[in-house]
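Let me begin by presenting the structure, written as structure tokens, before commenting on it.
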Amino acid sequence: MATAVYPGRFDPVTNGHLDITRRAASLFESLVVAVYDLREGTVFSTEERVAMFQEAVGDLGNVVVKPFEGLVVDFARREGATVLVRGIRAVTGFEAEFDMALMNQKMAPEVESVYLMASLEYLYLSGTRIREVASLGYDVTDLVPPRVAEGLRRKFARAYAGRGG
Ligand code: ADP
């Protein structure tokens with residue numbers, strides 16, 4: 001049984017990411033969620049992104065959440081992982097993912113990329129879309145874990161206030 005790494009920015013983690021995490025956790029012996037450590041350009045800090053993901057998967061015994069820098073394949077090697085898990089939503093994401101999988105295969109032939117299709121109900125969810133609608137005042141409570149909804153409300157307090165809740 002293999003260890004898998006699920007890498008992403010997770011800015012913020014959504015119910016779509018959690019769906020992939022739960023499904024991957026049932027396929028592999030252990031799963032390391034790898035949160036890309038970016039010092040700028042994100043709504044949430046690396047520490048916040050890690051903490052929010054950790055809290056949301058606290059019930060999964062074989063999942064750990066860690067920040068990482070540099071190449072995903074190097075992180076995978078350090079973790080002793082032989083699988084990279086990615087979620088795929090639609091044709092639009094496919095091309096970029098395909099490219100990246102081939103490059104990763106070139107750099108680390110021993111690490112296999114495995115793609116899980118997004119579940120129908122989460123097909124339209126992305127970190128980008130969540131940030132966008134939350135910043136404009138939409139309450140995303142049913143699309144993200146509770147702590148993320150709360151965090152977004154705090155970050156975008158003015159937009160929410162403007163819409164009366
Ligand atoms: P996003 O694409 O949501 O901004 P990331 O780059 O952090 O977020 O995504 C990490 C991984 O999770 C990618 O493989 C991405 O395709 C996948 N993913 C994102 N949202 C979903 C979703 N709703 N369902 C399935 N997989 C998803």
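Values reported hereafter were calculated over all heavy atoms of this structure, with side chains retained and with hydrogens, waters and symmetry mates removed. Starting from 1, each residue takes its place in the sequence as its number.
Checked by atom type, the side-chain pair N62/S30 shows no donor-acceptor distance below 3.5 Å. Judged by distance alone, the side chains of R23 and S119 do bring a donor and an acceptor atom under 3.5 Å apart. Judged purely by distance below 3.5 Å, without hydrogens or angles, the side chains of R129 and S126 never pair a donor atom with an acceptor atom.
Partners of D59 according to the salt bridge (charged side-chain N to carboxylate O under 4.0 Å, His left out) rule, which considers only residues two or more places apart in sequence or in another chain, are R22. By the side-chain hydrogen bond (donor to acceptor under 3.5 Å, both in side chains) test, R147 is found to be paired with E55, residues two or more places apart in sequence or in another chain being considered. Residues that satisfy the salt bridge (charged side-chain N to carboxylate O under 4.0 Å, His left out) test with R86, not counting sequence neighbours, are E97. Not a single salt bridge (charged side-chain N to carboxylate O under 4.0 Å, His left out) links E69 to another residue, sequence neighbours left out.
Taking a 6.0 Å sphere around CE of M100, one finds it holds more than 12 heavy atoms contributed by other residues, nucleotides or ligands.
For the side-chain contact (heavy atoms from CB on, under 4.5 Å) criterion with T3, the lone passing option out of V83, V32, T82 is V32.
At least one side-chain heavy atom of V43 sits less than 4.5 Å from a side-chain heavy atom of F156. Residues F10 and V33 form a side-chain contact, since some pair of their non-hydrogen atoms from C-beta on lies under 4.5 Å apart. A heavy-atom distance below 4.5 Å is found between the side chains of R153 and T141. For the pair L71/F75, no side-chain contact is recorded, criterion being any heavy-atom separation below 4.5 Å from C-beta on. Side-chain contact between L84 and N104 is present, with heavy atoms from C-beta onward closer than 4.5 Å. A 4.5 Å side-chain heavy-atom check between R89 and L125 finds every atom pair outside the cut-off.
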Practice item. Start with the C-alpha distance between L143 and Y122, add both sets of side-chain angles, then the distance that settles side-chain contact (heavy atoms from CB on, under 4.5 Å), and finish with yes or no. Key: CA-CA 8 Å; L143 307 177; Y122 305 125; over 6 Å; no
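Ionic pairing of R39 and E47 is present here: one or more N-O contacts between side-chain nitrogen and carboxylate oxygen are shorter than 4.0 angstrom.
Taking both residues in full, the closest heavy atoms of P12 and I130 are given as CG-CG2, 4.0 Å, listed atom of the first, atom of the second, then distance. Summarising the geometry of Y6 relative to G87, their closest heavy-atom pair is CE1-N, 4.3 Å, with the distance given to 0.1 Å. Heavy atoms only, all atoms of each residue included: V144 and T14 are closest at CG1-CA, 4.1 Å.
Atom CZ of F68 and atom CG of D37 lie 9.0 Å apart (nearest 0.5 Å).
The salt bridge (charged side-chain N to carboxylate O under 4.0 Å, His left out) contacts involving residues 102-121 comprise R77-E110, where partners must be two or more places apart or lie in separate chains. Contacts classified as salt bridge (charged side-chain N to carboxylate O under 4.0 Å, His left out) and involving residues 5-16 (residues at least two apart or in different chains) are given here: D11-R131.
In terms of modelled atom types and a separation under 3.5 Å, the side chain of E79 and the main chain of A76 share no donor-acceptor contact.
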